[in-house]
Amino acid sequence: QVQLVESGGGLVQPGGSLRLSCAASGFTFRNYDMRWYRQAPGKERELVAGTTRIGSGFGSNYADSVKGQFTISRDNAKNTVDLQMDSLKPEDTAVYYCRAGHWTTPSRFNYWGQGTQVTVSS
């Protein structure tokens, strides 16, 4: 059974940091691109960051809004992908979702986690 389980969300003050983690199981992790999305109240879900496979390695990409603020990383030995979030702002408040997509056939093999709430408030 495929599972993506997010953890690490919570309440943090503006300027603070959180580290989200997504634990994956039920598929060959190293063959999947991993991405973090977020959805704020009243807004559409948006892509935040991703680690995408290119050849035998991986490249990282970020939304313009979080470049220099968030860092995505993956551990293929542990089947996890993390999102380090620094200098958090109230506008970063959202439910954050982990997504897995097969690097060659993402339309056929595509999985979502349940999400974890991040609230940035003083």
Inset, instruction - Check for a donor-acceptor pair, side chain of T93 on one end and backbone N or O of P90 on the other, with a separation under 3.5 Å. - result: yes
Legend entry - Check: Q3 side chain, S25 main-chain N or O, donor-acceptor pair, under 3.5 Å: no
Legend entry - Within one Ile-Leu-Val-Met-Phe-Trp-Tyr cluster: V12 and V48, side-chain cutoff 4.5 Å: yes
Legend entry - Pi-cation contact, Y111 with R99 (under 6.0 Å, within 45°): no
Legend entry - Residues K89, D92: salt bridge by 4.0 Å N-O rule: no
Legend entry - For S56, side chain to side chain contact (heavy atoms under 4.5 Å, CB included) partners two or more places apart: none
Legend entry - Donor-acceptor pair between S73 and D82 side chains, under 3.5 angstrom: no
Legend entry - Co-membership, hydrophobic cluster, residues V2 and W36, 4.5 Å side-chain: yes
Legend entry - Side-chain touch M34/T52, heavy atoms, less than 4.5 angstrom: no
Inset, instruction - Please tell me if the side chains of L83 and T71 come closer than 4.5 Å, counting only heavy atoms from C-beta onward. - result: no
Legend entry - Non-hydrogen side-chain atoms of F27 and F109 separated by less than 4.5 Å: no
Legend entry - T104 side, atom OG1; D33 side, atom CG - distance, nearest 0.5 Å: 9.0 Å
Legend entry - Any side-chain heavy-atom pair of L47 and R35 under 4.5 Å: yes
Legend entry - Donor-acceptor pair, side chain of Q84 and main chain of F70, under 3.5 angstrom: no
Legend entry - N31 side chain near R53 side chain, heavy-atom distance below 4.5 Å: yes
Inset, instruction - Could you pull out the closest heavy-atom pair between Y32 and G101, with the gap in Å? - result: CD2-C, 3.4 Å
Legend entry - Residue pair R38 / E46, side-chain heavy-atom distance below 4.5 Å: yes
Inset, instruction - Measure across D86 and S17 and return the closest heavy-atom pair with its distance rounded to 0.1 Å. - result: OD1-OG, 2.8 Å
Inset, instruction - Without swapping roles, check the side chain of Q69 against the backbone of S87 for a donor-acceptor pair under 3.5 Å. - result: yes
Legend entry - Shared hydrophobic cluster, L88 / V95 (ILVMFWY, side-chain heavy atoms < 4.5 Å): no
Inset, instruction - Applying side-chain contact (heavy atoms from CB on, under 4.5 Å), run through E6 and L20 and close with a yes or a no. - result: CA-CA 7 Å; E6 300 99 331; L20 306 183; over 6 Å; no
Legend entry - R30 atom CZ, neighbour heavy-atom count above 12 within 6.0 Å: no
Inset, instruction - For Q39, look at atom CD and say whether over 12 heavy atoms of other residues, nucleotides or ligands are found less than 6.0 Å away. - result: yes
If you look only at distance, which donor and acceptor atoms sit under 3.5 Å apart when one is on a side chain in residues 114-122 and the other is two or more places apart or in another chain?
residue: T116; atom: OG1; partner: G9; partner atom: N; Å: 3.3
residue: Q117; atom: NE2; partner: A94; partner atom: O; Å: 3.4
residue: Q117; atom: NE2; partner: T119; partner atom: OG1; Å: 3.4

Legend entry - Axial cation check for F29 ring with R74, 6.0 Å and 45° limits: yes
Legend entry - Within-4.5 Å side-chain heavy-atom neighbours: R45 and Y97: yes
Legend entry - Plane angle bin for Y37 and W112 - parallel if under 30°, tilted between 30 and 60°, otherwise perpendicular: tilted
